[in-house]
Each structure stands twice: as C-alpha cells, then as structure tokens.
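Structure, as structure tokens:
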Protein chains: 2
Amino acid sequence: MFTVGEFAQLARVSKRLLRYYDEIDLLKPAHTDSATGYRYYTAEQMAHLNRILVLKDLGLSLDQIRRMLVDRVSTDELQGMLLLKKAEIEQMLRSELQRIRKIEARLHAIHSMEEDQPLDVVIKQIPSQQALSVHAVLPSFTDALAMHRLIQHALPARGDYGLSFTICRDAEIIDQNLILEIGKLIDTPKSSHTPVRVSESVKLSLRELPAVEAMATTIVTGGLDVIHAGYSKMGLWAQANGYHLSGMPREMMLKAAATPDGSDLVTEIQFPVEQA
Amino acid sequence: MFTVGEFAQLARVSKRLLRYYDEIDLLKPAHTDSATGYRYYTAEQMAHLNRILVLKDLGLSLDQIRRMLVDRVSTDELQGMLLLKKAEIEQMLRSELQRIRKIEARLHAIHSMEEDQPLDVVIKQIPSQQALSVHAVLPSFTDALAMHRLIQHALPARGDYGLSFTICRDAEIIDQNLILEIGKLIDTPKSSHTPVRVSESVKLSLRELPAVEAMATTIVTGGLDVIHAGYSKMGLWAQANGYHLSGMPREMMLKAAATPDGSDLVTEIQFPVEQA
DNA sequence: GCTTGAGGTTCACGTAACGTCAACGCTTAG
DNA sequence: CTAAGCGTTGACGTTACGTGAACCTCAAGC
C-alpha cells in the first residue's frame, strides 16, 4: 500500500493528478480510510495508472479512457476507438499540411512582391441571393461602371436594395467584348414588388444568384486597372493554394466611386472554387 | 458605412465576433456613435478583417495578429512569425506521426496476442537516486530473489529505505551467470549514517543511480518467468516504437512476494531508451 | 506533548475564441 | 401606440486537463 505521495513519486505524476483522477472516477485508490480520508494505492494499481497514461498519450480523452477501463469495454470496441482516433489524427494531419502549404504560399508572396501587399483571400460559403439584374455585352468595364450609375439613378431611393454587382459570364475576359450581368442585390427577399423594372432601353429582371459552397473572395481598392489586376492575382493564388475555378466570378461593389476615375472604389472579387 | 449586422453578413462572420474583435482591440469600427454606442464600419475595413481572417486561418493567434496589424510590425518580423509558425506545425506533425505509430503498434499488439494484454509502456524522466547496493555474480534470478530477502532481513526495520531494485549490469542476459547489482533505494538522501553496512559476506555500499532522461517503464505481475518475458516484450516494444536501449535496465520491486514462488510479485521493469 | 510534514477538502483560475442568453434602448412601420 | 427588429452591454458557458492557494486534520518522530 502506498500513500498518494509515494504513489505519485513512483509514477512521476503529481499528487494533485491522482486526487483528480479519483474525483472523476478514473482511478480510485484501492482503499480510502473513512476516518481520515487518506488514499491508499496498491502496487497493482500502478499497472492501471500506466494504462491510463498510455492511452492518454495515444490521444484518447480521459472520458474515453474511463469508458474503456472502468466500464470494461470489449477489445473490439477498444480497437474501434483506436482506429477512429487514428483516422481523426490523419484527417488533422492533412489539414495541417494544407495549412503549411498556405503559409508557404504566403511567404513566397511576401518574398516575390516586395512592396505590393499580398492578396488576402478568404474562402466563404455564399447562400443564394435574389437580385435585379440585366445582361449586357459591353466593350469595356468602363461602360459597366456607367451602367451601374444608370441603374443607381433609375431605382427608387427607398427600396431595399443591397450591393451592386457584376458577373463575368464569360470565363475568358476578352478585350473586345465582355458578356456581363449587372445589377443589384435585394436585401429583403420578401419584396414581391420587384418582378421587372424598366429604365430606358434596359430591363432589370428578378434573378436568383445560385449559392456557392466555396467562394474565394478578396478586397481590392482602386479603379478598373486594380480590379483587373486582382482577377489575375486571384488566378495565381488559386494555383498556388491548390484550388481551381468552378464557376463565374463575381464583383461586389462595396463602395461606389466618389471620383470619376473610380480610384476609391472598394470591390470584393469573388471566385467560386473547388479543391484541385 | 455599414452597421455590425450588415458588415457581419457581408463578411459572413457573426456580429458577436465583430464586437469581440472590437473589445480586444483587434478591429475597432471606423466610427462609434458616442450616444448610442452603435458601431459603423467602412468598406476599407473589410480588407482589414479579411487579413485578420487569413492570418487566423494560417494558425496565428489573435494576439499575434494584433501585434502584427495594430502595432504595425515590419515585413521581416511578419516573415519570422510565419516561419516560426511553420516550424511549430512541422514539429507538431512529427509528434502526431509518432502518435500514429504508437497507435498502430498498439493495434498490432492487440491483434497479434489476443488474450495476453499488451504491454503498457510509459516513458518517464528519472532523477538520480541514492541507494545501498551490492554487486553480485549469480547463476540465476532466483538467487537474486534470495539475496533481496537476505538484505531485507539484515537492514534495520526502521530506516528510511525505499524500493528494492536489481540492475542488470550486462546487457546480454546470459543463462550461465548474471552480473547484477542488488539493493534498496534510500528515501531520505540526507541520511549520512549509511556509508556501508555489512551482512554476512556481502557489503552494501552507498551508490548513486544516475538520472535517466527517458526511461521506458512497465509493470509486470508475476514470478521470474513473467519478469523475464517482460524484458523481451520491452525489447519488441522499443523496436516497434522507434526507440533503442541506451543504458542498463533496472527492476523495481513494487511489491515483495508473499508466496515462495513469487507469483504475486509486482515489478516495474525500466529500460533507459533513446529515440532511434 | 509538540512540532512538522504530509494528508485532506474546496474554491478558483487558466487557456482560446467565441456562443448564448438576459435585460434593456432606440427607431420605425403598421 | 405598440411591436418588431436591430443595436448595446454584461455575464456566464463551453472544452479538457489540470494547477494553485487557503485552510484544516492527522500521524509520527523526538
């Protein structure tokens, strides 16, 4: 029989830990003096403690260990728990490897473009959204900007409209003509008063932008040249981080231009992606 | 300007998160109404938030991110932190791989020896310990057991003695003759009254067992045959888990034999090991 | 018998990054 | 006028595994 102190020293654990394991019914001393409350452990319990420490080291929680040891679980179940734990660790290893890859990509980005800040790309899930939009074939993004202004003026000020957006319906951005969808999100999807609306020769129609599971997004501040550069950087980023494009890119105008050149535009570029 | 709700929805984070980041000075809204306390965020702050989310995803803590962004840390330092984080993750990957190996070894052990319980091997650090011991060349462990009894009787009952131990001074356990060190630990190292002590023809001398950084230990219950089997299993275990022997094995007698055959002996087998 | 060290219990804290709930104020739409 | 909806603060919970401090009791050696 050993007292806590002796037992703790032999096992090289703290006395506190032994009391704790007693408290959570993981390892009760073989005998507890009812008068003094003193705990007494047998030599055989050292084997028990060792088993606990080993299983803990394998990554099992104390709760699982208690179920396995105190509740006398079968060898098959134990094997199952170990296999499960192993699978868990393997999953974790994969995600940590991915993380390492991202860190390396970022380090590379810092190194290669010294003063240009590296892109901050966040992947988020986007729900489906209702929108009022029009399809247009335009010679340049500058015309798209004009179109946005036109729409802005045509819509009533007091209507639950959200952000202005542009969708490139053609994956290849051709300098000649752009196939675009231009419009505004609708904040309150309940508004049934928005089936169509006319503004000169363009008609806005109600549309539902599909949900996207993984949308790679980044914020750019600046005019059309900066936005265009952002598109190409997003492509590089996807390349470096193991994603590939899986849908039509979108642009969300977070802040409209105050100056004519649009140098204070704030735009969120959105790329639907998939793990390559 | 966006309110928390709008900003949260755009960024796809919770409002709570934004308030939290405000509270910990990680991302303060561009403006806070002093009357109502309402928070207002600008479009530019979305870029800021994105950077925070990206760095968080890379595994940095919010505290580190604050230091990097709010306290305007240099690119070099940022690079250093990322490299450090990468090294951390790599270290973690190594230890998790080791863990996987241990789990696999255990699964294999469960599978191969169906009813014999797999060995529970715990690695601990052992400090140097004082002991009273004698060196002996004996034909068998049975004689060692007898020697332990002899010593037990020769020593005064009331002396701060600890466990009985045996050290195999020869790595190869030869059936012919064993080179052993037999004795008892001394609990209170201050006892200067124990320089030597005589008992018939054997003399116990004061000795200091060296500290061991990594001691693989396991508990076996049973007679000499069981203990001997434990030795060989420990060898197999080390093999399977990537360790190798780096010193003289020790045996600690946790519980002396009550029966002559020693079938209720409880012994801790100790192998000094190193990572292979 | 006295001191001392080891034992006991109980409460609290500590991490990291929020989630959840309660109570309350302000504004607007019906 | 009132209820809905959004905003605020504050406190507590979560998860897992313990550690620390304060305070009290008890066994044992001299």
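Letters A, B, ... are given to chains in the order of the sequence lines, protein chains preceding strands, and every chain is numbered from 1. Basis for what follows: all heavy atoms, side chains included, without hydrogens, waters or symmetry-related copies. Fair warning: this is a prediction, and the values are worked out from it, not measured in the lab.
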* Asked: Looking only at heavy atoms, what is the nearest atom pair of A/Leu254 and B/Ala43, with distance?
  -> CB-CB, 3.9 Å
* Structure fact -> Nearest heavy-atom contact between B/Val70 and B/Leu26 is CG2-O, 4.0 Å
Between [atom2] on [N] and [atom1] on [X], what's the gap in Å once rounded to a whole number?
X       : N      : atom1 : atom2 : result
A/Ile24 : D/dC17 : CD1   : C1'   : 8 Å
A/Asp33 : D/dC26 : CG    : P     : 10 Å
B/Phe7  : D/dC6  : CZ    : C1'   : 17 Å
B/Glu6  : D/dG7  : CD    : P     : 7 Å
B/Tyr41 : D/dT8  : OH    : C1'   : 12 Å
A/Arg66 : D/dG18 : CZ    : P     : 13 Å
A/Gln64 : D/dC17 : CD    : C1'   : 14 Å
B/Lys28 : D/dT8  : NZ    : P     : 13 Å

* Among D/dG18, C/dG7, C/dC18, the one nearest A/Leu62 by side-chain distance -> D/dG18
* To do: State which of D/dG7, C/dA17, D/dC17 makes the closest approach to the side chain of A/Ser61.
  => D/dC17
* Could you tell me whether the phosphate oxygens of D/dG7, OP1 or OP2, come under 4.0 Å of any side-chain nitrogen or oxygen in B/Thr36? =>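 No, no such contact exists.
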* Using a cut-off of less than 4.0 Å, is there contact between a side-chain N or O of A/Arg39 and OP1 or OP2 of C/dG8? ->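 A/Arg39 to C/dG8 OP1/OP2: side-chain N or O found under 4.0 Å.
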* Asked: Is the gap between the ring centers of A/Phe271 and A/Trp237 under 6.0 Å?
  -> no
* For DNA chain D, which residues in residues 8-22 of chain A have a heavy atom at a distance below 4.0 Å? ->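 A/Ser14, A/Arg16, A/Leu17, A/Tyr20, A/Tyr21 - these, ordered by number, are the residues of the stretch whose heavy atoms sit under 4.0 Å from the strand.
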* To do: Check whether any side-chain heavy atom of A/Leu132 lies under 4.5 Å from a side-chain heavy atom of A/Arg207, and answer yes or no.
  => no
* Min side-chain heavy-atom separation B/Phe165-B/Leu185 under 4.5 Å -> yes
* To do: Start with the C-alpha gap between B/Glu208 and B/Ser128, add the side-chain angles, then the distance that decides, and say whether side-chain hydrogen bond (donor to acceptor under 3.5 Å, both in side chains) holds.
  => CA-CA 7 Å; B/Glu208 180 126 355; B/Ser128 76; 2.9 Å; yes
* Look up atom CD1 in B/Ile219 and atom OG1 in B/Thr217, then write down how far apart they are to the nearest 0.5 Å. => 6.0 Å
